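For reference, the structure discussed in these notes is given below.
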Amino acid sequence: MEEIISLCKRRGFVYQGSEIYGGMAGLYDFGPYGVELLNNIKKAWWRANVQLKENFVGIDAAMFKAPETWVASGHVSGFSDPLSECKNCHARIRVDKELEKLGVKADEKMSEKEIGEVFDTYKNQIKCPVCGKIMWTEPKKFNLLVKSNLGDFTDKNETPVYLPGEACQGIYLNYKNIIDTTRLKIPFGVAQIGKAFRNEISPRNFLFRCREFEQADTQYFVKPHENAEAFEKIKQERWDWYLKYGLREENLRFKQHENLVFYANDAWDIEYNFPSYGFDEVEGIHDRTDYDLTQHMKFSGVDLNYTDSTTGEKYIPWILETSAGLGRMFLAFLSEAYTVEKLENGDSRTLLKLHEDLAPIKYAIFPLLKNKPELVAKAREVYAKLSEKYMCEFDDNGNIGKRYRRQDEIGTPYCVVVDFTTLEDGTVTVRDRDTTKQKRIKVEKLE
Ligand code: GAP
């Protein structure tokens, strides 16, 4: 993972947020190649979940929502992690995660007092990760919602507007709008990619646990109790999607939640075997029953019942959710693609074997020599033509071998070289990233 993180920085995939000011914990910026990869993951996800599904639509809701949203959803009262502070150096730990490392469960349902009692038993085995002392305060439940003063021009900020703790609430708030303005009938789905903010106590593991991140969500609205078959189908579809875009089956696994939140009927994670971190969650697949819409109906006073136009039946639909972190998907695809090959001459070659659809740059176009204007002009012409359709890069810097290596490291599937033969017969060499094999083909056939 250290090597992948270093490549991310060196090749402009991911930077530490606010780096010139010393950086901020849990915040990352995507650089020039990072934003391309990120956007390509989003496109692939949107294609599978909206474009190819007749009964799915997408939305993009405002991040800020009426403060009642987060009361209704249960986040204001229940979205918290137990925190303890080192009395010596003030470093903070997530008590449940530290206990988990010792094989002890401290689940969300436990009260502050109950967690305190368990922590008391084991705290002598937990050293401060910063100063190494064992001087812990009593655990306190710390709410993860991030507050803002949007629309509040007083100094008191008594009615804070929250940043989204999860993106999916935007779909629930628009469920009625969507029914009223489209011809969708149950069962139907709504997809959204949106930002989420969580005051994580200990952001860690690069993009894995951040304070600002994006979620790609689908919410599938079904008739009550008609959830089981659809749930299995959704789980399979999401699994297949990861395989399609290059994750190997041996690096994926399903994990069923043992401790369900009180409203959930069933919940599974798709986990990826991250280098250094091991298997951990990339996506959650949740059967949320009618909890969300029932709560919003109660708090807003708006009737969110669905009326079946054929039978006249009225009911609150159940919701099957898929929710994947974009940063975690990004890290999983990068981890899978990261390859170091030993070469016969003793050197090594680093490459990203990314799926073509995900690769930031699809074609790199090189004139064989920088100082031959006719080659440069022809290469620019090829570049201009291909960039109409694909993200391409023009590079005339350094010897061809170095240029290939640069593209290998960012995962470009094809490098195109314009040489003297190109001027004679209109063919270029195309070099394949994974095999390094080269082939001469006509420029018109590149696409
Ligand atoms: N709406 C459901 C929901 O938010 P979640 O399991 O809390 O469920 C869904 O989050 C996904 O969001 C996770 O599977 C993970 O990929 C991503 N995620 C959650 N917390 C994150 C964090 N602090 N940093 C990065 N990604 C996170």
Side-chain angles (χ1 to χ4, degrees), residues 14 17 24-28 30 38 41-42 45 61 63 65 69-70 72-75 78-81 94 96-97 107-108 142-146 162-173 189-220 234-235 238-239 241-242 247 252-261 263-272 274 277 279-289 291-293 295-296 319-333 335:
V14 182
M24 276 185 81
L27 298 177
Y28 290 94
F30 289 93
L38 188 70
I41 297 172
K42 289 184 195 176
W45 183 90
M63 274 203 288
K65 294 170 182 71
T69 307
W70 305 104
S73 67
H75 284 76
F79 191 47
S80 54
D81 284 336
R94 246 183 87 173
D96 55 336
K97 291 283 167 202
D107 69 65
E108 292 168 13
F142 182 79
N143 193 288
L144 301 187
L145 283 177
V146 178
Y162 297 99
L163 275 91
E166 58 177 2
C168 60
Q169 294 297 327
I171 298 182
Y172 309 145
L173 300 198
V190 182
Q192 180 184 233
I193 295 176
K195 287 237 169 177
F197 300 81
R198 295 182 187 175
N199 231 341
E200 294 284 353
I201 293 163
S202 45
R204 65 186 166 86
N205 294 353
F206 192 44
L207 297 173
F208 189 84
R209 192 169 298 287
C210 300
R211 288 184 173 144
E212 173 181 342
F213 54 97
E214 265 183 306
Q215 292 178 317
D217 291 340
T218 63
Q219 311 290 323
Y220 192 53
I234 288 170
K235 276 171 59 193
R238 293 305 303 140
W239 178 269
W241 184 83
Y242 286 107
L247 300 191
L252 282 173
R253 73 178 184 200
F254 272 120
K255 187 174 164 200
Q256 188 170 24
H257 288 208
E258 282 173 23
N259 298 306
L260 290 172
V261 279
Y263 56 81
N265 198 40
D266 198 3
W268 292 73
D269 290 338
I270 294 183
E271 294 191 330
Y272 177 71
F274 291 96
Y277 312 156
F279 275 100
D280 216 330
E281 176 185 351
V282 173
E283 168 155 356
I285 303 173
H286 312 128
D287 182 342
R288 302 178 67 124
T289 66
Y291 172 76
D292 304 283
L293 293 180
Q295 285 295 100
H296 286 305
I319 293 176
L320 308 178
E321 169 183 71
T322 68
S323 183
L326 255 307
R328 292 189 190 181
M329 290 201 255
F330 183 100
L331 201 52
F333 286 122
S335 303

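The structure displayed is predicted, hence computed values, not measured ones. In each ligand, atom 1 is the first atom listed, and ligand 1 is the first ligand listed.
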How long is the gap from [atom1] on [X] to [atom2] on [Y], to the nearest 0.5 Å?
{"X": "Leu326", "Y": "Leu331", "atom1": "CG", "atom2": "CG", "value": "12.0 Å"}
{"X": "Phe279", "Y": "Asp269", "atom1": "CZ", "atom2": "CG", "value": "13.0 Å"}
{"X": "Leu320", "Y": "Tyr220", "atom1": "CG", "atom2": "OH", "value": "8.0 Å"}
{"X": "Trp241", "Y": "Ile270", "atom1": "CH2", "atom2": "CD1", "value": "10.0 Å"}
{"X": "Glu166", "Y": "Ile171", "atom1": "CD", "atom2": "CD1", "value": "10.0 Å"}

Kindly identify the option in [options] whose heavy atom sits closest to [atom].
{"atom": "atom 22 (C) of ligand 1", "options": "Phe79, Tyr28, Phe213", "value": "Phe213"}
{"atom": "atom 10 (O) of ligand 1", "options": "His286, Glu214, Gln215", "value": "Gln215"}
{"atom": "atom 5 (P) of ligand 1", "options": "Glu212, Glu166, Glu321, Arg198", "value": "Arg198"}

Which of the numbered atoms in ligand 1 are below 4.0 angstrom from a heavy atom of [X]?
{"X": "Glu281", "result": "6 (O), 13 (C), 14 (O)"}
{"X": "Glu200", "result": "23 (N)"}
{"X": "Cys168", "result": "1 (N)"}
{"X": "Glu283", "result": "14 (O)"}
{"X": "Gly284", "result": "14 (O)"}

Nearest non-hydrogen protein atom, atom 25 (C) of ligand 1: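 Heavy-atom neighbour on the protein nearest atom 25 (C) of ligand 1: Phe208 O, 3.1 Å.
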Contact (N/O only, under 3.5 Å) between Gly325 and ligand 1: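 Right, the criterion is met.
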Any N/O pair Val282/ligand 1 closer than 3.5 Å: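 Val282 vs ligand 1: N/O contact under 3.5 Å present.
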Exercise answer: donor-acceptor pairs, residues 197-206 side-chain atoms, under 3.5 Å, sequence neighbours excluded:
unit_1: Arg198; atom_1: NE; unit_2: Gly165; atom_2: O; d: 2.9
unit_1: Arg198; atom_1: NH2; unit_2: Gly165; atom_2: O; d: 3.1

Heavy-atom closest contact (Asp81 atom, Leu144 atom, distance):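 Distance-wise, the nearest heavy atoms are OD2-CD1, 3.3 Å.
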Aromatic contact, Phe30 with Phe330 (centres under 6.0 Å):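 Phe30 vs Phe330: aromatic centres under 6.0 Å.
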Option passing salt bridge (charged side-chain N to carboxylate O under 4.0 Å, His left out) with Glu283 (candidates Arg253, Arg238, Lys255):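 That would be Arg238.
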Sub-4.0 Å heavy-atom approach of Arg288 to ligand 1: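 Yes, Arg288 has heavy atoms under 4.0 Å from ligand 1.
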Sub-4.0 Å heavy-atom approach of Cys210 to ligand 1: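 Right, Cys210 reaches ligand 1.
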Region of Ser323 engaging ligand 1 - heavy atom pairs below 4.0 Å: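 Both backbone and side chain.
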His257 contact mode with ligand 1 (heavy-atom cut-off under 4.0 Å):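 Contact part for His257 vs ligand 1: neither.
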Residue list, side-chain hydrogen bond (donor to acceptor under 3.5 Å, both in side chains) with Glu321, at least two apart or on another chain: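 Glu321 satisfies side-chain hydrogen bond (donor to acceptor under 3.5 Å, both in side chains) with Gln219, His286, Arg288 once adjacent residues are dropped.
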